[in-house]
Amino acid sequence: MRPADALDRIVYLLDRALAEQQKVRAFARARDIVDEVGDDEVERLHAAGKLTDLPGIGPSTGKVIAQALDGGVPDYLAQLEQETIIPAGEGTELRAALRGDCHTHSTWSDGGASIEKMARTAMALGHEYMVLTDHSPRLTIAHGLNAERLRNQLDEVAALNETLAPFRILTGIEVDILVDGSLDQSEALLARLDVVVASVHSKLRMERMEMTRRMVAAVASPHVDILGHCTGRKLVGRGRPPSVFDAEIVFAACAQFDTALEINCRPERQDPPDELVDLALEWDLRFAIDTDAHAPGQMEWQAYGCDKAVRHGIEPAQVVNAMRADDLVAWASTHAA
Ligand SMILES: [Zn+2]
Ligand SMILES: [Zn+2]
């Protein structure tokens, strides 16, 4: 096994398990170093027992490299393959009915992998498409894309689509819903994109009616197709309470404007909470079961959202990413009409 491949797979599995970013970065860095140094030099260092002389290679990454070079599957890799498996749950059938993922990030904003790598992972998971939804400019900590960078990204996506066909990368954005409910990208650019996810990322503690107006304004935009992680809650670490808004009014707007509600699959988000999924069902909303993946391994999290959806009795016909790519794009374009 090539050491770089072993390290890359470890990064994937650590991400699948939502491991600490520090740990993920150590293995990702080791992978990049090994790639840069080249197989011959790595083998020479291994033969001399000097792998950890390489800056960035420590005892654990060094052991993986050594075991890979010795021809076996490194112990740590074998262990992670077992430990990080996402068990097949009640959502297995629904997951099989999904054809893509409508919320993914790449290194263009705050993701950990290139567009191509994310797309190839989606292909390996059996998807027919992936909507690329990097952040918008105001989210500076996430290196949100300004208009120029987004236009450049569209060129890269077009080129990749030539290579990866019949798989399709659909163009998109996770656009910030600004405090006044307006969207953090130009109308002309938003109109060019296949699918637009709109999310609140700032001022999450806004007063209830102000937050309701803010979200309704975004939902009503002809550019917005999916409302992302609607409460903004976080369940892991220090956690974060859900935003407070009148969900009856926001979901009534989603119904009126045919905006899908995202079931965000991230284990630390699990957004919306169960009671809001039930309320969304009363309003007969469409859903998008999306991973919000910031790394390849996280694209497997769709299983979690599917388990949750099935527990609420959601059928594939209610899920926008069960549609074929053409149908999804056609549905999204009806909002602009
Ligand atoms: Zn977000
Ligand atoms: Zn996101």
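Counting convention: from 1, in listed order, for ligands and their atoms alike.
The Zn ion (ligand 2) lies at 2.8 Å or more from every N, O or S atom belonging to His294. For a distance bound of 2.8 Å, the N, O or S atoms of His105 include one lying that close to the Zn ion (ligand 2). Among the backbone and side-chain atoms of His135, none of the N, O or S atoms lies under 2.8 Å from the Zn ion (ligand 1).
Rounding to 10 degrees gives 90° for the angle at the Zn ion (ligand 2) between NE2 of His103 and OE1 of Glu174.
Of the candidates Arg2, Lys117, Arg29, Asp8 forms a salt bridge (Lys or Arg N to Asp or Glu O under 4.0 Å) with just one, namely Lys117. The residue from Asp290, Thr259, Val131 that alone fulfils the side-chain contact (heavy atoms from CB on, under 4.5 Å) condition with Ile226 is Asp290.
Arg286 has a carboxylate O that lies under 4.0 Å from a charged side-chain N of Asp258, or vice versa, which qualifies the two as a salt bridge.
By the rule that hydrophobic residues join a cluster once side-chain heavy atoms approach within less than 4.5 Å of another member, Leu178 and Val219 end up as members of separate clusters.
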For this session: Decide salt bridge (Lys or Arg N to Asp or Glu O under 4.0 Å) for Glu116 and Arg120; before the verdict, give the C-alpha distance in whole Å, the side-chain angles of both, and the deciding distance to 0.1 Å.
Result: CA-CA 6 Å; Glu116 178 170 4; Arg120 289 195 183 277; 2.9 Å; yes
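Residue Asp292 approaches the Zn ion (ligand 2) most closely through its N/O/S atom OD1.
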